[in-house]
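In each ligand, atom 1 is the first atom listed, and ligand 1 is the first ligand listed. We number each residue from 1, following the sequence as shown.
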Amino acid sequence: MKDLLRTADLSRADVDLLLATAADFAKDPLKASSALAHRTVAIYMTKPSTRTRLSSETAVAHLGGTPIFIRGDELQLGRGETIADTARIISGYASALIIRTFAQSDVDELGANATIPVINALTDDDHPTQLLADWLTIQEKFGSNVSGRKFVYCGDGNNMSHAWLTMGAIMGAHVVAATPEGKWAPNADVVARAQEIARETGATIEISHDARAAAKDASVLYTDVWMSMGDPEAERAEKTKVLKPFAVTSDLMNLATSDAIFMHCLPAHRGEEVSADVIDGPRSVVWREALHRRTTIQSLLYHLVRGEIKGR
Ligand code: CP
Ligand code: NVA
């Protein structure tokens, strides 16, 4: 597999390899400090980023390479140069391209036209690199045997809910997305694809519209912002009202198992999707999760550039 364009591209063996190497990089970030020596990695983002940008740039530096960060308005793409031409040009200079943007189809087109690995660093539909960090964090807490455990995403049926269901399917877990019904539920095609993967792996995919029922006996409660980058501002009031019952508060956490953890990809809005006592409380693992963005992106770059990710 040349690129990581979507979470569903990864096989269980790929994730196992990526997480094992990431765990090594967590212990020793400079373990492969010349893997990208004298090489560059382009990081192109048309949406804001704190964690993904900084962890990617740091990961490249730890592999001995040089990151080149490019803001959305800085390429000739914005002035009509095609995605295909841009992909061809960047392929001549860099060893990989990390991209964050709106349309998944733009990332797919870059992948199809670039000869170097292209990594999806978030689109409106997916966020595969986040899920690598999340699963490393989950395995640190619960080990790799997930049987008998329930992993619950609670909130907007957005890119994070898609990535959550898909990675849970790959990992053979019981995953739940508890979201409102209708336009803020996860995309039906993504759910169908996760169910297809689940049939191969023995995972259970559950869609719920009842946060309390979903949270009962959960090992993980995960949430994300209610307004994602690019969401229409005009919908904020209605969306906030509809999502209120899905906020992760200590009431909801208390329905989970006694060893349950709280997860969030960040950025967080305390008082909206999560209460301050939960995210800043003893069950929150959000800082560990954020740290693992660096170790997992480092691992992904390392293996993808070496052609060691096989895909499904
Ligand atoms: N979790 C995540 O992707 O954070 P950033 O938007 O800050 O990169
Ligand atoms: N759903 C959020 C995730 C941010 C990391 C967004 O797309 O803005």
Check residues 64-81 and write down every donor-acceptor pair under 3.5 Å in which the side-chain atom is one partner and the other belongs to a residue at least two apart or another chain.
residue: Arg71; atom: NE; partner: Asp73; partner atom: OD1; Å: 3.2
residue: Arg71; atom: NH2; partner: Asp73; partner atom: OD1; Å: 3.1
residue: Arg71; atom: NH2; partner: Asp73; partner atom: OD2; Å: 2.7
residue: Glu74; atom: OE1; partner: Arg71; partner atom: N; Å: 2.8
residue: Gln76; atom: OE1; partner: Arg79; partner atom: NH1; Å: 2.8

Practice task
Select all protein residues for which some heavy-atom-to-ligand 2 distance is less than 4.0 Å, and list them by chain and number.
Solution key: Leu122, Asn158, Asn159, Asp224, Val225, Ser228, Met229, Leu266

Exercise for the section: Taking the six-membered ring of Phe102 (Phe, Tyr or Trp), confirm whether the NZ or CZ of Lys47 is under 6.0 Å from its centre and within 45° of its axis. Expected result: yes

Exercise for the section: Answer yes if the ring centres of Phe151 and Trp135 are under 6.0 angstrom apart, and no otherwise. Expected result: yes

Practice task
Could you tell me whether Asp108 and Arg6 make a salt bridge, using a distance below 4.0 angstrom between a side-chain N and a carboxylate O?
Solution key: yes

Practice task
Show your reasoning for whether salt bridge (charged side-chain N to carboxylate O under 4.0 Å, His left out) applies to Lys183 and Glu235.
Solution key: CA-CA 11 Å; Lys183 65 179 170 181; Glu235 291 185 342; 3.3 Å; yes

Show me the donor-acceptor pairs within less than 3.5 Å that the side chains of residues 167-174 make with the rest of the protein, sequence neighbours left out.
residue: His174; atom: NE2; partner: Glu206; partner atom: OE1; Å: 2.7

Practice task
May I ask you to decide if the ring planes of Tyr222 and Trp164 are parallel, tilted or perpendicular, using 30° and 60° as cut-offs?
Solution key: tilted

Handout entry: Residues Arg149 and Asp259 bridged, charged N to O under 4.0 Å
Key = yes

Provide, line by line, the atom pairs where ligand 1 and the protein bring an N/O atom each to a distance under 3.5 Å; else say none.
residue: ligand 1; atom: 1 (N); partner: Gln130; partner atom: OE1; Å: 2.9
residue: ligand 1; atom: 1 (N); partner: Cys265; partner atom: O; Å: 2.8
residue: ligand 1; atom: 1 (N); partner: Leu266; partner atom: O; Å: 2.9
residue: ligand 1; atom: 1 (N); partner: Arg293; partner atom: NH1; Å: 3.4
residue: ligand 1; atom: 3 (O); partner: Thr52; partner atom: OG1; Å: 2.9
residue: ligand 1; atom: 3 (O); partner: Arg100; partner atom: NH2; Å: 2.9
residue: ligand 1; atom: 3 (O); partner: His127; partner atom: NE2; Å: 2.9
residue: ligand 1; atom: 3 (O); partner: Arg293; partner atom: NH1; Å: 3.2
residue: ligand 1; atom: 4 (O); partner: Arg51; partner atom: NE; Å: 2.9
residue: ligand 1; atom: 4 (O); partner: Leu266; partner atom: O; Å: 3.4
residue: ligand 1; atom: 6 (O); partner: Arg100; partner atom: NH1; Å: 2.8
residue: ligand 1; atom: 7 (O); partner: Thr50; partner atom: N; Å: 2.7
residue: ligand 1; atom: 7 (O); partner: Arg51; partner atom: N; Å: 2.8
residue: ligand 1; atom: 7 (O); partner: Arg51; partner atom: NE; Å: 3.2
residue: ligand 1; atom: 7 (O); partner: Arg51; partner atom: NH2; Å: 3.0
residue: ligand 1; atom: 8 (O); partner: Ser49; partner atom: OG; Å: 2.6
residue: ligand 1; atom: 8 (O); partner: Arg51; partner atom: N; Å: 3.4
residue: ligand 1; atom: 8 (O); partner: Thr52; partner atom: N; Å: 2.8
residue: ligand 1; atom: 8 (O); partner: Thr52; partner atom: OG1; Å: 2.6
residue: ligand 1; atom: 8 (O); partner: Arg100; partner atom: NH1; Å: 3.4
residue: ligand 1; atom: 8 (O); partner: Arg100; partner atom: NH2; Å: 3.2

Practice task
Let me see the working for Arg193 and Asp189 under salt bridge (charged side-chain N to carboxylate O under 4.0 Å, His left out), right down to the final yes or no.
Solution key: CA-CA 6 Å; Arg193 180 73 184 116; Asp189 292 341; over 6 Å; no

